[in-house]
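One structure below.
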Amino acid sequence: MSVKQRPNGVWRARYRDQNGKEHSKHEKTKKAAQKWLDEQTAAMVTGQWADPTAGRVTWDEWVSRWLTMQVWVPGTTTAAKTAVESVPWRMRAIRDVKHGDVQTWVTRESERGLAASTIRTRLNYVQMAFRAAVDNQVIARNPAVRVKTPRQRKREAKMRTLTADQVAIALESAGEFRLFVAVCVFAGLRLGEAAGLQVGDIDFERGVIAVRRQVQGTSIPSTRVVPPKAGSEREVFVPAELIDMLRGVREWTPDTFVFRSVMGHLYNRNSAGEEWRKIRAAVGFDDEVTLHTFRHTFASNLIASGCDVVTVQRALGHSQPSITLNVYSHLWPSAEDKTRTATATFMGEVLATADSERTPS
């Protein structure tokens with residue numbers, strides 16, 4: 001490291017990074033040159049140093065490289081790609097993106113009507129890409145930290161569940177799609193899990209459906225069969241009535257898919273969603289009632305029947321009980337409800353005993 005004056009009067013500060021590569025900068029004064037050198041030295045010591053030349057790559061160039069580092073399933077990669085391609089600074093050098101740019105992007109996404117949950121998801125991927133750039137010494141700081149996002153509605157306000165009458169109406173109007181809907185609402189399967197169900201996954205004697213795969217994709221060319229989400233492999237114990245509905249497929253070969261479209265294709269997110277949208281319009285449900293609403297309905301009925309967190313977690317295929325609680329905690333009785341019920345039961349016993357003692361023989 002050195003600070004020396006050049007023949008032309010300017011001061012040149014020089015240092016070598018951890019890899020031995022030399023970096024330099026020219027300043028008009030010795031003080032300015034020394035200040036820059038001190039900043040670079042401190043950044044290397046604290047682990048905040050970034051290669052000044054690395055940050056010249058554009059955002060698109062960096063995220064293209066970053067995406068190849070991931071070991072995600074195709075669905076996650078697609079979601080991440082959608083997020084990082086939605087920003088307005090794609091052609092700018094990544095080192096030139098500031099905190100205000102990220103905040104403005106989030107604000108604009110909200111103003112154009114994007115859901116708060118979608119904005120949060122997209123921001124999460126953008127933050128991950130910036131964080132990886134810091135870790136790889138492409139930039140010194142992550143400009144996406146402390147970015148404010150739109151306020152989300154409380155889960156209990158936005159989560160939809162259906163009544164028994166509403167489920168009955170949906171099933172009556174579902175036609176050939178009736179069994180698909182039934183598997184979603186009475187076994188709690190996700191859309192992709194239902195689409196991936198094979199005959200061999202159904203134990204007709206024990207009344208069990210095994211979740212062993214899922215179908216991903218939004219079109220016929222992109223459709224693929226993959227393992228379930230991490231931790232989602234499970235056995236769901238289902239009622240005899242659902243098994244009776246499935247008995248028609250019992251004689252098929254074990255590796256036959258239970259559900260296919262009229263054209264013989266596996267259902268994907270768009271094709272299954274389109275079938276449901278037809279049913280939804282026919283029965284008059286609003287747009288917030290999706291196929292995933294049946295999964296919420298399945299969970300809410302388990303909770304209403306007194307099932308504990310771990311039981312619900314296993315039935316839904318959540319990797320951890322905390323995920324189940326994060327989504328459905330508002331459906332469980334509160335501590336106040338439990339206290340009131342427990343005390344009411346005890347009080348009833350006490351008063352009944354007191355009344356019997358006062359009754360003359």
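Keep in mind that this is a model prediction, so the values were computed, not measured. In what follows, residues are counted from 1 in the order of the sequence shown.
- Look at Asp286 and Arg160 and you find a salt bridge, because one of the NZ, NE, NH1 or NH2 atoms lies within 4.0 Å of a carboxylate O, short of that distance.
- Formation of a donor-acceptor pair under 3.5 Å by the Glu27 side chain with backbone atoms of Trp11 is not found in this model.
- Annotation: side chain of Lys278 is not in contact with side chain of Phe177 (no heavy-atom distance under 4.5 Å).
- Taken from OG in Ser117 to CZ in Arg122, the straight-line distance is 10.5 Å, to the nearest 0.5 Å.
- Put simply, the side chain of Thr324 never gets that close to the backbone of Val309: no donor and acceptor are under 3.5 Å apart.
- In this structure, NE2 in His99 is found 9.5 Å from CG in Asn142, a value given to the nearest 0.5 Å.
- Checked by atom type and distance alone, the side chain of Trp105 pairs as donor or acceptor with a backbone atom of Ser86 at under 3.5 Å.
- Formation of a donor-acceptor pair under 3.5 Å by the Ser329 side chain with backbone atoms of Leu325 is found in this model.
- Side-chain contact of Ser2 with Arg12: a donor-acceptor pair under 3.5 Å is absent, judged by distance alone.
- A donor-acceptor contact under 3.5 angstrom links the side chains of Ser219 and Ser222, judged on distance only.
- Pairing each heavy atom of Ala182 with each of Leu171, the nearest pair is N-CD2, 4.0 Å.
- Smallest separation of non-hydrogen atoms from Asn270 and Thr218: ND2-O, 2.6 Å.
- A side-chain donor from one of Asp38 and Gln34 sits under 3.5 Å from a side-chain acceptor of the other.
- Scanning all heavy atoms of the two residues, the minimum distance from Ala315 to Leu302 falls at CB-CD1, 3.8 Å.
- Each of Leu331, Ile303, Val327 was checked for a side-chain contact (heavy atoms from CB on, under 4.5 Å) with Val312, and the lone residue meeting it is Ile303.
- Heavy atoms only, all atoms of each residue included: Ala133 and Ile94 are closest at CB-CD1, 3.8 Å.
- No donor-acceptor pair under 3.5 Å is formed between the side chain of Trp89 and the backbone N or O of Val102.
- Applying the salt bridge (Lys or Arg N to Asp or Glu O under 4.0 Å) rule to Asp308 yields no partners; only residues at least two apart in sequence or on another chain are considered.
- In this structure, the side chain of Thr104 engages the main chain of Gly100 through a donor-acceptor pair within 3.5 Å.
- Each of Val215 and Leu197 belongs to its own hydrophobic cluster when Ile, Leu, Val, Met, Phe, Trp and Tyr are linked at side-chain heavy-atom distances under 4.5 angstrom.
- Taking NE2 of His330 as the start and OG of Ser300 as the end, the distance is 8.5 Å to the nearest 0.5 Å.
- Within the structure, ring pair (Phe, Tyr, Trp, His ring centres under 6.0 Å) pairs that include any residue of residues 231-261 comprise Phe180-Phe259 (at least two apart or interchain).
- Using a 4.5 Å cut-off on side-chain heavy atoms (C-beta onward), Arg14 and His23 make no contact.
- We find the OG-CD distance between Ser319 and Glu233 to be 10.5 Å, quoted to the nearest 0.5 Å.
- Counting heavy atoms from C-beta on, the side chains of Val147 and Val126 never come closer than 4.5 Å.
- What you find for Val3 and Ala13 is that their closest heavy atoms are CG2-CB, 4.1 Å.
- A donor-acceptor pair under 3.5 Å links the side-chain atoms of Arg295 to the main chain of Gly188, judged by distance alone.
- Exactly one residue among Trp72, Tyr125, Trp59, Phe130 makes a ring pair (Phe, Tyr, Trp, His ring centres under 6.0 Å) with Trp66. That residue is Trp72.
- Under the 3.5 Å distance criterion, the side-chain polar atoms of Arg92 are matched with a main-chain donor or acceptor of Asp96.
- In this structure, Arg190 and Phe294 have side chains that are not in contact, with every pair of non-hydrogen atoms separated by 4.5 Å or more.
- Thr253 and Thr256 share a side-chain donor-acceptor pair at under 3.5 Å.
- Taking CZ of Phe285 as the start and OG1 of Thr290 as the end, the distance is 12.0 Å to the nearest 0.5 Å.
- Between Arg277 and Asp287 there is no salt bridge, since no side-chain N of the basic residue sits under 4.0 Å from a carboxylate O of the acidic one.
- Look at Lys98 and Asp101 and you find no salt bridge, because none of the NZ, NE, NH1 or NH2 atoms lies under 4.0 Å from a carboxylate O.
- When every heavy atom of Pro228 is checked against every heavy atom of Val211, the shortest pair comes out as CG-O, 4.1 Å.
- For the atom pair Arg90 CZ and Thr58 OG1, the distance stands at 9.0 Å (nearest 0.5 Å).
- Counting only distance, with no hydrogens or angles, the side chain of Ser64 and the backbone of Asp60 share no donor-acceptor pair below 3.5 Å.
- The ring pair (Phe, Tyr, Trp, His ring centres under 6.0 Å) search around His292 returns His296, not counting sequence neighbours.
- The one candidate from Ile119, Thr118, Leu123 that meets the side-chain contact (heavy atoms from CB on, under 4.5 Å) condition with Glu109 is Ile119.
- Salt-bridge check for Arg234 with Glu193: passed, with a basic side-chain N closer than 4.0 Å to an acidic carboxylate O.
- For Arg206 and Glu235, the salt-bridge test passes: some basic side-chain N is under 4.0 Å from an acidic carboxylate O.
- A donor-acceptor pair under 3.5 Å is absent between the side-chain atoms of Asn301 and the main chain of Phe298, judged by distance alone.
- Remark: Arg65 does not engage Glu61 in a salt bridge, criterion side-chain N to carboxylate O under 4.0 Å.
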